[in-house]
Every structure is written in structure tokens, then in C-alpha cells.
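Take a look at the structure below.
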There are 2 protein chains.
Amino acid sequence: MRNRAGIETRERILSATKRLLAERGLDGVTIKGICDAAEVHAGSFYNLFESKEQVVLTAVREAIKAVDPHPSGSGVDRVEELVDAYIRFVMDDQDLARVYLTVAVSGGLTDPAIRTRVLRHHQDRHARFVAALRRERVDIGDDEAAELIDALLAALNGYAFQWLLDPTFDFENHARRLLRFA
Amino acid sequence: MRNRAGIETRERILSATKRLLAERGLDGVTIKGICDAAEVHAGSFYNLFESKEQVVLTAVREAIKAVDPHPSGSGVDRVEELVDAYIRFVMDDQDLARVYLTVAVSGGLTDPAIRTRVLRHHQDRHARFVAALRRERVDIGDDEAAELIDALLAALNGYAFQWLLDPTFDFENHARRLLRFA
DNA sequence: TCAGATCTAGAGCGAACGCTAAAGAAATGC
DNA sequence: GCATTTCTTTAGCGTTCGCTCTAGATCTGA
């Protein structure tokens, strides 16, 4: 059984990890950095987490989960709503969005453990968008819908990336315009 | 004056750096890794490069330069040609494309030195695309052209990213379709 | 040919890395 | 109230990091 103090400390460590991941990226994060930010010593860290990899993967998992906050079948099932949810995620939860895009998406290109998670996440996300699209436009075939969603998701990620690099980029407007195109 | 041997060794080091950057990302690259891959010892490395940062920035600069291989005013001045050049860069020079997208673009979110270079590069690229678009479609205003190109470039990067993550993504086709939309 | 410059090998420095061990402090369940 | 578990502190281990230094090999231009 875990003590109340331990739960609180664990939360503080995880929160610091997310913030540092957003600021400094995957390899800019160190145990010392996390411990300083969370006001904890190394011994406490290793009492609550097994390794640096574990706390990072936990943070990445949370970022990935935050991309689609509404569980499937919760009423958020139209493409427009799904896109809106992504817009809100990126703009309202910038730290997690940064973790998602820099660590998860681009970390997926180099880190095998992250790559596995990202690809599965993308598959689920893709399937949900395709299902929503086909519900709305029965005239579209399965393959065509899959391709449209492929392009839509990739472009949305590109937009989000650009917005994080340059805040004057009108992410919301472009995303909605893209939706009308698809 | 530099010896012939030195020039060749320098090239070998730089080439190994680019390959390793593509495979392992910015922080997966170490002096030892570079030296092993280039079959060189640390002493030789530091005789030819000042630091790890220098060789990495050199590689990043080459990747950025390779994005737009044709100098301005070389006849490649229509939007379609510029997009084609980008498609060819991403698909033909995968290593450099990987460096460009993972190290330059997403490294720009965390590394200040890289961020500066990426933003300037993007500005130049953006201006060139806007000029090409306005030449073709005089009916479009300056602001509208700038916004269209903003979205086009961001989406293209998103497509390229997705293609590097999942090679079954039809990057070329999607890019051309996007061009027709814009 | 040969002095001077350049290149290479190899040992190793200080710092930072992830992580461990031991022992005292604090919380918890009975 | 007490035994047990959990939490925190502290010192420091072994490794790897970027990088330096020295001495000898090799190349170059006059």
C-alpha cells in the first residue's frame, strides 16, 4: 500500500517531468533536473519510479491519451468534433501538446519503445476518424476515406508543429479550413 | 592550408554525422559514435572540428540547404516546381530529410541555436513560395497568399513526417492533391 | 631534401550521467 | 503503542560524456 505522501510526491515528479519534456525535449531531461524541479532527492525518485525511462514513458502515455480526451462512443463522433477536440488540445494544453509532437511523434522516428506506442495510437485515432467520416458521407468508399483521413491527420500535425514554432500561425483557422476541404 | 588526407577525413566525419543524426536523432549522436562510424580517433576529430556542436550544426545546415536545392532565379519558380523539388528531396534523400524534420524542425522547439536557423530558413522558403504563387495568380492578395503558403508548407512537413513514420503513406500523391487545393 | 605544417593514435581528465545502498524519519494498520 | 511498511536523505559507485594533450607519423612546398 502506498502512503499519502508518496502519492503526492509521485504526482509532483510526473508533473515536473512533463514540464521539462515540453521545455527541453526527450534528452534534455535528466534525473537531476526532474528531482530539482520536483524538490525531491534521487533516492525518493527511485522509490517511486523504476527508471528514467519509466517516468518518461508514463508522461508520453499521458500526452498521447490527452490527444483524444473523449472516450469513443461518448457522443464526440463527428469528424468536426474530433478535429475541434484536437484544436482544443493543442491550444489549451500546450505543454502536453509539445510533448506529444516533439517527443512522441518525432521521437517515434528514433526511439523504438516510443515508436511502437505512437504507431498504435495513430492507428486507433485513424480508425475513429474514418468511422466518423463514413457515418457522415456514405458516398465515400472505405479506401478513399482512409486516405482522406491519413492526409487530414498528417496535415493537422504539421499545422500544430508550425504553430508551436511560430505562435502567429493561425492554427485554428487553418485547421477548420482544412476540414472544409476534406 | 589543409592536407588532402584531412579533407577526406573531414568528409568522412561529416557524412557519418549525417547518417547517425538520421538514425538516432540529435542526442543519440556521440563523439565516440561518430568516430567509430568514420573510423577515426577523437584526436583526429578535434583536429578537424572544433566541437560536437559544430559538426552537428554543419550537418543541419546542409540538410536545410538541401530542402531547396535550386537557387532562387534558376528557373524553378513555379509553386508546382517548388513542391516537386520538396517531394524529390524527401523521397530521394531520406537521411537528410530525416535530419531536416527530426533535428531541424522539431529540434527548433527545444534548441535555441537550431531554432534561429530554422526560423530564418522558413522565412526565406515562405517568401519564395509566396512570390511564385503571386506570379501565377495575380487575383490573390498578399496576405491571402501568405496564409495559403503558410498552410501549404506546414501541411507538407506534416505529410513528410507521416511518411517517415509510416512508409505506406502516399506522400507524393497527397502532396500533389494538396497543391491542387491551394 | 628537408624544415615546417598537418594529421593521427592513444591515454586520460573532469564533469555529468543513471542509478544504488544504507540508515534514519515518518506514516500506517492492528 | 508498537511493529511494519513506506518515505526521504545522503554519499557515492561505475559508466559515459565531450574534450585535451602529447608524441610520433605523414604530407607538403620550396
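Convention: sequence-line order gives letters A, B, ...; per-chain numbering from 1. Just so you know, these numbers come straight off a predicted model, no measurement behind them.
- Contacts classified as ring pair (Phe, Tyr, Trp, His ring centres under 6.0 Å) and involving residues 5-57 of chain B (residues at least two apart or in different chains) are given here: B:F45-B:F49.
- Both A:M91 and A:L164 are part of a single hydrophobic cluster, where members link through side-chain heavy atoms under 4.5 Å apart.
- For the pair B:I13 CD1 and C:dC7 P, the computed distance is 11 Å after rounding to whole Å.
- When distances run from any side-chain atom of A:R4 to the nucleotides C:dT28, C:dC19, C:dC7, the shortest one goes to C:dT28.
- For the pair A:Q54 CD and C:dC19 P, the interatomic distance rounds to 10 Å; values are reported in whole Å.
- For residues 17-36 of chain A, the side-chain hydrogen bond (donor to acceptor under 3.5 Å, both in side chains) pairs, not counting sequence neighbours, are A:K18-A:E62, A:K32-A:D36.
- Using modelled atom types, no side-chain atom of A:R117 and backbone atom of A:I64 make a donor-acceptor pair closer than 3.5 Å.
- Think of the region where chain A sits on DNA chain D: with heavy atoms and a 4.0 Å cut, that region ends 5' and 3' at D:dT6 to D:dT10.
- Using modelled atom types and a 3.5 Å distance limit, the side chains of A:N173 and A:Y159 yield no donor-acceptor pair.
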For residues 175-182 of chain A, which side-chain donor-acceptor pairs fall under 3.5 Å, sequence neighbours excluded?
{"from": "A:R176", "atom 1": "NH1", "to": "A:D84", "atom 2": "OD1", "distance (Å)": "2.4"}
{"from": "A:R176", "atom 1": "NH2", "to": "A:E172", "atom 2": "OE2", "distance (Å)": "2.7"}

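- Atom CD of B:E39 is surrounded by 12 or fewer heavy atoms from other residues, nucleotides or ligands within 6.0 Å.
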Summarise protein proximity over nucleotides 8-17 of chain C in one line of letters, 5' to 3': B for base, S for sugar-phosphate only, - for none, counting protein heavy atoms closer than 4.0 Å. BBB------S
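- Listed by first and then second residue, the ring pair (Phe, Tyr, Trp, His ring centres under 6.0 Å) pairs involving residues 111-148 of chain A are A:Y100-A:H121 (not counting sequence neighbours).
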